[in-house]
Amino acid sequence: MNRFTWTIAVAAALGMAPTLFAQNLVPNGDFEEIQRDETEAPVLDAYGYEAPSGWFRSITDPGAHPTPLTELINPTNMNNVAGDNAGDDSDGAGVSSLALNFVEDASNPPFGVGADWRSEAFETVPGETLFFSIDVKFLGVSQEPYIPDSDIYEGILAQVRSFDQLAPDGGTAGSFKGEHNVTLQSRNFTPGQWTTVTSSFVVPADGFFTDVRVSTNLFIPPSPLFAGQVLFDKLTINRLTADFDNDDDVDGDDLTIWTGNVGPTAAADANADGLTDGADFLAWQREFGLGVVPSAFTVAVSAVPEPGSIALATIGGAMLWMSRALRRFARQQ
Ligand SMILES: [Ca+2]
Ligand SMILES: [Ca+2]
Ligand SMILES: [Ca+2]
Ligand SMILES: [Ca+2]
């Protein structure tokens, strides 16, 4: 599997989504931790609410955009478009999700404002297969194509980006080594409903540090996407620890390897303690089924890489780049 052969499955109803992953590499992917840490001053958004721990908010041009572009959803923040976000959380167990607002750039019409959230970096191993998952909910966002009668639709872009260095602030740094793009188009989602999207990818060569960036996407006129919001939650990137035969799944074959090697050997060693024992069996049990999405949960989009879907992902990235370039160009006029 190369990094472009990602598979996507959408669990239409949350709760149908299997709880499969054992180790989330993304810091605070549930966004339940608000303040970065107790010794630091909280990061406040324009409404005075704190940013989530482990995440950075990026604003394309803060000086030009007095409107808050993104905001943390919490029980007291009622500034989302639905006004009903108290405790909005994809699994109902927490209180927080993150939000990206789609807003027109009043200071720079007719462009939309670019906004994104970016995670702190986490360590990755070049060549390893990782599993991406995100819960999303669109509120008040158009489901019309960006260009009528085209295949270009609007939504957000989630990018898993790999670099070779770590920045002092905890972000990624050094040389860009590659990215895994997941274009989440609003037309694929039921408004107001939480939906889980998953995919897999392979960490590129020299991709020692990786982060996740979620951005508004495709919002130049004739965009209808100048209003609305997308919430996202439970953003996870997981690594398999119990794939003992290294074929990117956890299944009966891996159990067979564990069964045949219990003892002082690393042959089926999920927790890297040099032993193949009960702890590794428990890891196998937690991860069983991962790597192969059960067909019952798959309603779309493509199980095999199709040229069309790859092209669309690439087009999505190109369009985002183009929109940013256009905004830069417009500001220079
Ligand atoms: Ca949450
Ligand atoms: Ca396996
Ligand atoms: Ca297998
Ligand atoms: Ca072990």
Side-chain angles (χ1 to χ4, degrees), residues 1 7 14-15 17 19-24 26-35 49-55 70-77 80 85-100 117 119 127-131 133-137 139 194-197 200 202 212 214 229-294:
M1 190 187 295
T7 59
L14 206 78
T19 303
L20 296 171
F21 302 112
Q23 182 184 8
N24 185 13
V26 179
N28 191 24
D30 279 337
F31 311 110
E32 307 302 346
E33 299 166 39
I34 305 302
Q35 196 166 321
Y49 294 107
E50 297 174 6
S53 172
W55 284 76
T70 58
E71 59 200 39
L72 173 69
I73 299 298
N74 68 37
T76 55
N77 181 355
N80 74 334
N85 56 349
D88 204 344
D89 185 278
S90 65
D91 59 8
V95 295
S96 301
S97 56
L98 274 187
L100 280 172
W117 284 100
S119 80
E128 72 173 327
T129 298
L130 297 175
F131 295 83
S133 181
I134 190 172
D135 292 353
V136 291
K137 178 160 94 171
L139 295 167
W194 281 107
T195 304
T196 300
V197 177
S200 63
V202 175
V212 184
V214 185
Q229 187 175 62
V230 60
L231 310 185
F232 57 102
D233 197 21
K234 295 185 80 70
L235 202 165
T236 59
I237 292 180
N238 289 277
R239 124 186 330 137
L240 298 181
T241 63
D243 177 23
F244 304 130
D245 62 359
N246 290 311
D247 69 344
D248 293 339
D249 65 22
V250 175
D251 60 10
D253 295 337
D254 302 297
L255 180 61
T256 300
I257 292 180
W258 180 86
T259 307
N261 290 280
V262 174
T265 163
D269 184 15
N271 60 356
D273 64 352
L275 303 173
T276 294
D277 60 12
D280 308 304
F281 173 78
L282 291 176
W284 175 86
Q285 201 173 36
R286 275 196 308 272
E287 296 177 12
F288 177 72
L290 187 57
V292 178
V293 178

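Numbering of ligands and ligand atoms starts at 1, following listing order.
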Going by heavy atoms in the side chains, are N271 and T241 under 4.5 Å from each other? no

Separation of D89 CG from D233 CG (nearest 0.5 Å): 4.5 Å

State the atom name: nearest N, O or S atom of D269 to the Ca ion (ligand 4). OD1

In terms of relative ring orientation, are W258 and F281 parallel, tilted or perpendicular, with 30° and 60° separating the classes? tilted

Note, V214 side chain near L235 side chain (heavy atom, < 4.5 Å): yes

Backbone or side chain, does G274 get an N/O/S atom under 3.0 Å to the Ca ion (ligand 4)? no

Any non-hydrogen side-chain atom of T236 less than 4.5 Å from a side-chain atom of V26? no

Note on the Ca ion (ligand 2): protein N/O/S atoms within less than 3.0 Å are D243 OD1, D245 OD1, D247 OD1, D249 O, D249 OD1, D254 OD1, D254 OD2

Is it true that some N/O/S atom of D277, main chain or side chain, lies under 3.0 Å from the Ca ion (ligand 4)? no

Which residues and atoms, counting only protein N, O or S, are under 3.0 Å from the Ca ion (ligand 1)? D30 O, E32 OE2, D89 OD2, S96 O, D233 OD1, D233 OD2

Between T276 and D269, is a side chain to side chain donor-acceptor pair (under 3.5 Å) present by the stated rule, with each step listed? CA-CA 5 Å; T276 294; D269 184 15; 5.8 Å; no

With a 4.5 Å cut-off on side-chain heavy atoms, are V136 and L231 touching? no

Spell out, as yes or no, whether a donor-acceptor pair under 3.5 Å connects the side chain of D254 to the backbone of D245. yes

Determine whether a donor-acceptor pair (N or O, by modelled atom type, separation under 3.5 Å) exists between the side chain of N28 and the backbone of S53. yes

Do L240 and T129 have side-chain heavy atoms sitting under 4.5 Å apart? no

Donor-acceptor contact below 3.5 Å, side chain N238 vs main chain N24: yes

Opening angle between OD1 in D280 and OD1 in N271, taken at the Ca ion (ligand 4), to 10 degrees: 80°

Can you name the N/O/S atom of D273 that is nearest the Ca ion (ligand 4)? OD1

May I ask you to test the T256-F244 pair for a side-chain heavy-atom distance under 4.5 Å? no

